[in-house]
Visitor: 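Mind having a look at this structure? Questions to follow.
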Amino acid sequence: MNIPNLLVVPFPVQGHVNPLMNFSQKMVEHGCKITFVNSEFIHKRVMSSVAKQESLEESPTIKLVSIPDGLEPDDDRSDLGKLCDSVLSTMPSMLEKLIEDIYVNSGDKITCIVADVIMGWALEVGRKLGIKGTLFWTASAAMFALEYNIPKLIQDGIIDSHGFPITKETFQISPSMPSMDTEAIWWSKVYNPTTEKKIFKYLVHCMQHSNLAKWYICNTTCELEPSALSCVPKLLPVGPLLRSYDNTNVIARSLGQFWEEDHSCIDWLNQQPHCSVFYVAFGSFTLFDQNQFNELALGLDLNNRPFLWVVRQDNKMIYPSEFLGSKGKIVGWTPQLKVLNHPSIACFVTHCGWNSIIEGLSSGVPFLCWPYFTDQFHNRNYICDELKIGLRLNSGENGLVSRWEIKKKLDQLMDDEQIRTRSLELKEKVMNNIAGGESSENISRVVNWLKS
Ligand code: UDP
């Protein structure tokens, strides 16, 4: 039988590596082999975080390999404009060489490239080498529909040729889609016009190769985003793609985490009452300034309930002197899906990154939404206004979310039985997708195509 040998190419940030790793593990369950390509910088981080927790033997089915991203080791990779420029000038030729080297060194032929949409140039490399390809989108279907329709947005005068919104108004991508605010134009929500221009140019370049893709595989489900999915025919929902924590299974190991997971938080959660803990985590990018950090810390104190707060190692802020934190536990990085599924968790205070949203939805927890940049504002609106399974935090005149606002909204969320009920109902619907429902069927379609 034909064993598909996939080359998986994520954009080098945590929120893209994770879902593509989850997808890779799914493909391995269906008999595929994977070569997972990180940038050298990310590869080192992943290897070091894995090595700290488990003995790293080579997995026979997921090979982790790397190519340079063109930046120096201490360059700032959170400057996304600089990263995009460097990725595009360095990685395509390196990827081509990698594929040729794999063949020369091991005789292994790559049979398909699965590229992150924002590594879409990889499909052009595949075309040159006669390898078929498909794209994978790591955010919501609605945000893909937006990017897919960039030429139309320019033509309709909604954005200019650099991607910036021209007017502050609502618009519709297609008659079947609900109207969106220009706030949803995620590439213009990075707070630095030079970076936004570079990102937009990069996106347009990547989308030029999208016609080479068989599908745009997406970590969403049919009932979550029916109208966005119907708007782009090749969008294929396969979500929720969730990490497995089965440690006995070699393919289920944490092969994508940039930071070492602190499992002591699970022991701590085991000691907390049912449905009592606020889980507070803002993904891999969000950083607060000192004033906002203070308000958050003091807001958590004010609530006088247990909280689990992720403060990453790259946080440079210091805790305010009045902060007690006596009810809480602070860790650097958690096994997030395991945390969200813990019976002690009452709600998720989140920046609304799409992976966090999918993980929270699949665990049935209500959200307290605090978006930071890019697509997170749209995700917040969707959670609060369409799905009605969360509340938003508002900032005051000084631009800060105050400790009082945090306390008020957490109290409100804890008292809202309707939000809790809706969250649990949605969890069931969403999870049915991977228990033989539409997403399972779509995974089978992908596998059949890969084996053909
Ligand atoms: N995550 C984690 N432990 C943490 C915080 C986050 O494993 O303590 C994972 C989370 O499960 C998700 C990813 O990091 O898969 C963050 O992706 P998301 O799209 O939510 O946000 P981003 O990091 O892209 O802003």
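The structure presented is a predicted model; accordingly, all values stated were derived computationally and were not measured. Every number for a ligand or one of its atoms is a count from 1 in the order of the listing.
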Visitor: Determine which pairs satisfy ring-ring contact (aromatic ring centres under 6.0 Å, His included) with at least one residue from residues 280-300, sequence neighbours left out, and list them in order.
Guide: Phe282-Phe288, Phe282-Trp370, Phe285-Phe373, Phe288-Trp370, Phe293-Trp309, Phe293-Tyr319
Visitor: Which residues pass the side chain to side chain contact (heavy atoms under 4.5 Å, CB included) test with Ser344, sequence neighbours left out?
Guide: Leu269, Gln272, Val277, His342
Visitor: Tell me whether Asp411 is salt-bridged to Arg305, with the criterion being a basic N under 4.0 Å from an acidic carboxylate O.
Guide: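 A salt bridge is present here (some side-chain N lies under 4.0 Å from a carboxylate O).
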Visitor: Going by distance only, is there an N or O of Ser284 that falls short of 3.5 Å from an N or O of ligand 1?
Guide: yes
Visitor: Examine ligand 1 and decide if any of its atoms is less than 4.0 Å from a heavy atom belonging to Gln257.
Guide: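 Heavy atoms of Gln257 do come under 4.0 Å of ligand 1.
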Visitor: Is Trp354 touching ligand 1 with its side chain, its backbone, both, or neither, if touching means heavy atoms under 4.0 Å apart?
Guide: backbone
Visitor: Among all protein heavy atoms in this structure, tell me which lies nearest to atom 13 (C) of ligand 1, with the distance rounded to 0.1 Å.
Guide: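 The closest heavy atom on the protein side is Asn18 ND2, 3.5 Å.
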Visitor: Taking heavy atoms and a distance under 4.0 Å, where does Tyr279 meet ligand 1: side chain, backbone, both or neither?
Guide: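 Only the side chain of Tyr279 comes within reach of ligand 1.
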Visitor: What protein heavy atom lies closest to atom 1 (N) of ligand 1? Include the residue and the distance to one decimal.
Guide: Trp333 CZ2, 3.2 Å
Visitor: Specify the protein heavy atom at minimum distance from atom 20 (O) of ligand 1: its residue, its atom name, and the distance to 0.1 Å.
Guide: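 The answer is Ser356 OG, 2.5 Å.
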Visitor: Does CD in Gln271 sit with more than 12 non-hydrogen atoms of other residues, nucleotides or ligands closer than 6.0 Å?
Guide: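 Yes, enclosed.
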Visitor: Among all protein non-hydrogen atoms, which one is nearest to atom 19 (O) of ligand 1, and what is the separation to 0.1 Å?
Guide: Asn355 ND2, 2.8 Å
Visitor: Between Thr334 and ligand 1, which part of the residue brings a heavy atom under 4.0 Å of the ligand: side chain, backbone, both or neither?
Guide: both
Visitor: Between ligand 1 and His351, can you find any atom pair, the residue atom being a heavy atom, that is separated by under 4.0 Å?
Guide: yes
Visitor: Quick one: does Asp75's side chain get under 4.5 Å of Lys82's, heavy atoms only?
Guide: yes
Visitor: When you compare the side chain of Leu224 with that of Leu426, does any pair of heavy atoms fall below 4.5 Å?
Guide: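 Of all side-chain heavy-atom pairs linking Leu224 with Leu426, at least one is under 4.5 Å.
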Visitor: Students should be able to answer this: which protein heavy-atom is nearest to atom 15 (O) of ligand 1, and at what distance?
Guide: Glu359 OE2, 2.8 Å
Visitor: Do Lys407 and Glu295 sit within salt-bridge range, that is, some charged N less than 4.0 Å from a carboxylate O?
Guide: no
Visitor: How far is atom 16 (C) of ligand 1 from its nearest protein heavy atom, and which residue and atom is that?
Guide: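 Looking only at protein heavy atoms, the one closest to atom 16 (C) of ligand 1 is Gly283 CA, 4.2 Å.
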Visitor: Only one of Ile419, Ile389, Leu391, Ile345 clears side chain to side chain contact (heavy atoms under 4.5 Å, CB included) with Pro366; which?
Guide: Ile419
Visitor: For Gly353, take its heavy atoms, then give the atoms of ligand 1 lying under 4.0 Å from any of them.
Guide: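 In order of number, 18 (P), 19 (O), 20 (O), 21 (O).
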Visitor: Can you tell me which residue and heavy atom of the protein come closest to atom 24 (O) of ligand 1, and the distance to 0.1 Å?
Guide: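 Of every protein heavy atom, Gly15 CA, 3.6 Å lies nearest to atom 24 (O) of ligand 1.
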Visitor: Any heavy atom of Phe258 sitting closer than 4.0 Å to ligand 1?
Guide: no
Visitor: How about Glu359 and Gln336: do any of their side-chain heavy atoms sit closer than 4.5 Å?
Guide: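 Counting from C-beta outward, Glu359 and Gln336 do come under 4.5 Å.
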Visitor: Would you please indicate yes or no on a ring centroid separation below 6.0 angstrom for Phe144 and Trp137?
Guide: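 Centroid distance Trp137-Phe144: below 6.0 Å, so yes.
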Visitor: Atoms of ligand 1 less than 4.0 Å from Val310 heavy atoms?
Guide: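 Result: 8 (O).
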Visitor: Which bit of Ala281 gets closer than 4.0 Å to ligand 1, counting heavy atoms only: side chain, backbone, both or neither?
Guide: neither
Visitor: Does any non-hydrogen side-chain atom of Ile358 lie less than 4.5 Å from one of Ser362?
Guide: yes
